[in-house]
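Below is one structure; the comments refer to it alone.
Every chain is numbered from 1 and lettered A, B, ... according to where its sequence line falls, protein lines coming before strand lines.
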Number of protein chains: 2
Amino acid sequence: MIDGTHLPLIGEETHLRADAVRNRARLLEAAARLAAERGAAAITMETVAAEAGVGKGTVSRRFGDRNGLLQALLDHSEQRFQEAFLSGPPPLGPEADPATRLRAFGPALLHHERANLDLYLAAEPAAERRFAVPPRRLRHTHVAMLVRALLPDADAELLAHALLSSVEVVLVDHLVRDHGMPLARVEAGWHDLVDRLLG
Amino acid sequence: MIDGTHLPLIGEETHLRADAVRNRARLLEAAARLAAERGAAAITMETVAAEAGVGKGTVSRRFGDRNGLLQALLDHSEQRFQEAFLSGPPPLGPEADPATRLRAFGPALLHHERANLDLYLAAEPAAERRFAVPPRRLRHTHVAMLVRALLPDADAELLAHALLSSVEVVLVDHLVRDHGMPLARVEAGWHDLVDRLLG
DNA sequence: ACGATAAACGGGACGCGGCCCGCTTATCTT
DNA sequence: AAGATAAGCGGGCCGCGTCCCGTTTATCGT
């Protein structure tokens with residue numbers, strides 16, 4: 001539970017050989033150095049391997065792919081955040097009432113994300129444009145217009161983003177494919193969400 | 001407004017030369033054929049170019065990158081969906097009241113997305129794992145637990161996804177970076193969303 | 001009609017990510 | 001201690017996306 005093994009990541013096998021753990025540490029150190037000096041975008045399989053003095057194959061085997069490496073890098077910060085909301089002090093931790101914890105969780109997550117922003121963004125290349133694309137903008141404008149008409153005192157822009165995010169393609173596909181959730185339940189979820197917001 | 005020019009996509013210049021428009025059409029046709037026969041994943045710059053009988057450079061210049069090509073492919077279906085909620089019949093179109101339109105919008109978007117699922121997924125490689133990663137699962141479990149305690153009759157799983165999606169890294173970064181939105185407003189948006197849901 | 005000009009074309013070059021296989025080396029057993 | 005065994009290692013290989021530049025060709029003014 002001390003070093004990055006609190007939850008099994010992909011490719012995190014147990015019983016690593018001594019040279020393997022040594023190389024793993026070297027790779028993480030090299031990647032962190034690269035991220036600090038030249039930004040997380042500078043983290044490439046080849047560069048990290050060279051910086052750590054090992055072969056590319058070693059990176060691939062240990063972390064699976066570039067994403068696995070980035071997630072391993074995020075692990076320390078992630079773990080602290082997890083402890084904060086799982087067993088930390090109020091308002092995040094279990095001593096506060098659920099409503100307080102839920103209210104506090106969002107900002108806490110936001111700050112955690114911004115503290116590791118470049119790493120998160122490096123893990124999702126080409127995600128920058130996801131929202132800038134015309135169809136997306138149009139949908140958002142439309143939903144925001146409806147929200148504005150229905151809830152004049154709400155932050156329609158944000159609420160529209162929240163609504164649209166809840167039926168995001170990748171999310172819904174994950175629910176349907178990986179969890180066997182019927183599409184009808186997702187539709188019902190949308191109706192439920194809208195109805196609760198409209199009071 | 002007739003063919004793919006209803007909204008300016010990246011690289012959609014006006015006054016294309018005759019051979020350029022011809023090659024553009026050939027490329028889209030080739031890409032559609034490839035997607036139909038071998039799945040959207042088979043759409044590679046090289047293959048599409050070869051199938052259309054042009055050079056790779058032509059694809060790159062016309063559509064910018066692979067994503068641009070995929071979005072151009074989505075354009076037809078996208079346009080029909082847009083017309084449906086902008087000027088179509090109720091409950092989506094402007095003749096219905098806002099609440100009805102908003103309720104209907106989600107399922108409509110869901111069906112549009114599923115009709116073009118492979119294209120959407122091809123545009124976001126490695127997005128499959130976004131939700132399968134341990135930290136994500138843990139956050140979701142936590143939020144769902146809180147939601148379940150606060151709203152026993154709600155679909156806590158879905159509501160938790162909706163809440164988490166509203167503070168997604170990429171979304172927030174887009175708001176902050178591209179729209180200059182202060183982080184404090186995003187935090188206030190979370191509180192507002194939670195409060196509205198809790199009634 | 002024809003020449004000037006800019007737009008478009010082709011495909012090679014480059015860098016990166018992921019994979020694989022022949023060699024090396026830590027570990028375990030007796 | 002030494003050999004057997006499997007885990008680990010290295011770096012070459014391939015496919016893909018993107019960029020670039022020398023060449024071709026449509027377009028437009030005269």
Table of protein N/O atoms under 3.5 Å from nucleotides 27-30 of chain C N/O atoms:
residue : atom : partner : partner atom : Å
C/dT27  : OP1  : A/A18   : N            : 3.1

Can you tell me how far CZ of B/R103 sits from CG of A/L146, rounded to the nearest 0.5 angstrom?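 Those atoms lie 13.5 Å apart.
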Inter-residue atom distance A/R33.CZ - A/I43.CD1, 0.5 Å rounding: 11.5 Å
side-chain N/O [X] vs [N] OP1/OP2, d < 4.0 Å:
X	N	result
A/N23	D/dG8	no
A/R24	D/dG8	no
B/R22	C/dA8	no
B/T58	C/dA8	no

Pairing of [X] and [Y] as salt bridge, 4.0 angstrom limit:
X	Y	result
A/D192	A/R185	no
B/E124	B/R130	yes
B/R139	A/E78	yes

Figure out the CZ/C1' separation between A/R26 and D/dG8, and round it to whole Å. 14 Å
Over how many whole Å does the gap from A/F63 atom CZ to C/dG17 atom P extend? 14 Å
Under 4.5 Å between any side-chain heavy atoms of B/L175 and A/L158, yes or no? yes
Side chains of B/H142 and A/F105, heavy atoms from C-beta outward: is any pair under 4.5 Å? yes
In terms of side-chain heavy atoms, does A/H112 have a donor or acceptor partner in A/S77 at a distance below 3.5 Å? yes
Determine, for nucleotides 16-22 of chain D in 5'-to-3' order, which nucleotides have protein heavy atoms under 4.0 Å from the base (write B), from only the sugar-phosphate (write S), or from neither (write -). SSB----
